[in-house]
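Working notes, beginning with the structure itself.
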Amino acid sequence: MTHRILDRVPTTAEHAALAASVGWQSHFDDEVRAASLNASLAGVVCVDDRDVVVGMARAVGDGLQYAYVQDVIVDPAHEGEGIATQMVDRLISLLRPEGDVELFVGLFASDAAVGVYESLGFTSADAVGMHRKLHGTGS
């Protein structure tokens, strides 16, 4: 099956479907999903030969000094086709700054995805990924 990478953020429905395909439904808040996607710095989707979205990746951050690769998802039916690597490679191209500036691009990777990111020049040298979740006052 052939596929194409398109320069765009997924729709909320596409994002929800991909998240469900990999069991990540609980990672996202449906009430803020659309606003979160709209706030992306850049995004790419992968469509199959029927124009069905089978993968996505996006970047968040300030786009000046910092960007973070977020929500890299490939439908399990298309794993092993190199889609994640192609999407992240294209996303990095979209983020590349002009002029003599440096953009720090970070990400969190599952153990299974480390090789994808290393093949694209990412490294964990001198860094430890950490996170903290903050809950709203209404929670």
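Residue numbers count from 1 along this sequence. In this text, all values refer to a predicted model and were calculated from it rather than measured experimentally.
Within the 4.5 Å cutoff, side-chain heavy atoms of Val47 are placed close to those of Leu6. Within the 4.5 Å cutoff, the side chain of Arg8 has no heavy atoms near those of the Val44 side chain. Thr2 places none of its side-chain heavy atoms less than 4.5 Å from the side chain of Asp48.
Under the 3.5 Å distance criterion, with hydrogens and angles disregarded, no donor-acceptor pair is assigned to the side chains of Asp49 and His3.
Transitive grouping of hydrophobic side chains (ILVMFWY, heavy atoms separated by less than 4.5 Å) brings Leu91 and Met87 into a common cluster.
Taking both residues in full, the closest heavy atoms of Leu18 and Gly55 are given as CD1-C, 3.7 Å, listed atom of the first, atom of the second, then distance. Closest heavy-atom contact between Arg33 and Ala19: NH1-CB, 4.5 Å.
Environment of OH in Tyr68: crowded, with over 12 heavy atoms of neighbouring residues, nucleotides or ligands closer than 6.0 Å.
Summarising the geometry, atom OG belonging to Ser36 is positioned 7.5 Å from atom CD belonging to Gln70; distances are rounded to the nearest 0.5 Å. Rounded to the nearest 0.5 Å, atoms SG (Cys46) and CG (Asp75) are 10.5 Å apart. The CZ atom of Arg90 lies 10.0 Å from the CG atom of Leu95; values are rounded to the nearest 0.5 Å.
The residue from Val22, Val116, Ile83 that alone fulfils the side chain to side chain contact (heavy atoms under 4.5 Å, CB included) condition with Val74 is Ile83. For the pairing with Leu120, the side chain to side chain contact (heavy atoms under 4.5 Å, CB included) check across Thr85, Val69, Ile92 returns one residue only, Thr85.
In this structure, Trp24 and Phe28 have tilted ring planes: the angle between them lies in the 30° to 60° band.
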Using the salt bridge (charged side-chain N to carboxylate O under 4.0 Å, His left out) rule, take Arg4 and Asp51 through it: C-alpha gap first, then chi angles, then the decisive distance, then the call. CA-CA 9 Å; Arg4 296 176 290 130; Asp51 287 331; 2.3 Å; yes
